Amino acid sequence: MHRIGLDIGSTTIKTVVLDETGHVCHTQYERHFSRIAEKAREVLLALGKKFPGKHRLCISGSAGIGLSEQLGIPFAQEVFATRTAVTTLRPDADVVIELGGEDAKILFLTGGTAPAPAGPAPSLTRWRRCCRSARMK
């Protein structure tokens with residue numbers, strides 16, 4: 001059974017699909033142009049075709065709580081969802097910075113108690129390459 005997460009923010013819908021082993025098998029990033037319900041329906045119908053069968057679905061995001069309540073779909077507070085994902089996928093991360101459509105968040109994962117990494121600081125080029133590879137497609 002696939003797990004689907006929809007993060008519905010003020011301007012976009014981000015989608016992630018995890019396979020049975022918890023690996024990311026699909027990501028999507030689309031603007032909803034304030035047509036939240038219509039775009040969510042469109043995204044979910046397309047996912048149903050691509051991944052037939054039963055799924056577990058959860059919604060997060062500032063614009064997702066209303067849709068979650070209307071449809072009876074579980075809702076995860078987005079900071080909690082971010083922390084869960086990052087500590088699972090990148091357990092070495094210390095801080096998460098999220099720039100959203102209407103706000104920005106910084107999440108300190110270790111409280112500054114993690115030891116500094118050994119060796120030289122990563123180059124800006126390496127950091128940019130890491131950020132590009134982490135972006136949702």
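Note that this is a predicted model, so its numbers are computed, not measured. If you read the sequence from its start, that first residue is 1, and numbering goes on from there.
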Using links of under 4.5 Å between side-chain heavy atoms of ILVMFWY residues, direct or through other members, which residues join I4 in one cluster? L6, I8, I13, V17, I36, V43, L44, L47, F51, L57, I59, I65, L67, L71, I73, F75
Do Q77 and S60 have side chains that approach each other closer than 4.5 Å (heavy atoms only, starting at C-beta)? no
List the atom of K49, the atom of P52, and the distance in Å for their closest heavy-atom pair. O-CD, 3.8 Å
With a 3.5 Å distance limit and no angle check, can you tell me whether T87 reaches the backbone of T84 through a side-chain donor-acceptor pair? yes
What I'd like to find out is whether the side chain of V96 reaches to under 4.5 Å of the side chain of I106, using heavy atoms alone. no
So how far is it from R56 CZ to H2 NE2, rounded to the nearest 0.5 Å? 13.0 Å
V86 and A93 have their tightest heavy-atom pair at CG1-CB, 3.7 Å
A104 versus L99, closest heavy-atom pair with distance: CB-CD2, 3.8 Å
Approximate separation, where rounding is to 0.5 Å, of L89 CG and H23 NE2: 9.0 Å
OG1 of T15 to OH of Y29, rounded to nearest 0.5 Å, is 11.5 Å
Measure the CD-SG distance between E20 and C25 for me, rounded to the nearest 0.5 Å. 8.0 Å
Residue pairs fulfilling side-chain hydrogen bond (donor to acceptor under 3.5 Å, both in side chains) with at least one residue in residues 30-44, sequence neighbours excluded: Q28-E30, E30-K39, K39-E42
side-chain contact (heavy atoms from CB on, under 4.5 Å) between H26 and K50, worked out: CA-CA 10 Å; H26 176 82; K50 186 171 182 174; 3.2 Å; yes
When every non-hydrogen atom of S10 is compared with those of S62, the smallest separation belongs to N-OG, 3.7 Å
Distance, nearest 0.5 Å, that separates CG of L107 from CD of E98: 9.5 Å
Compare all side-chain heavy atoms of D103 with those of K105 and state whether any distance is below 4.5 angstrom. yes
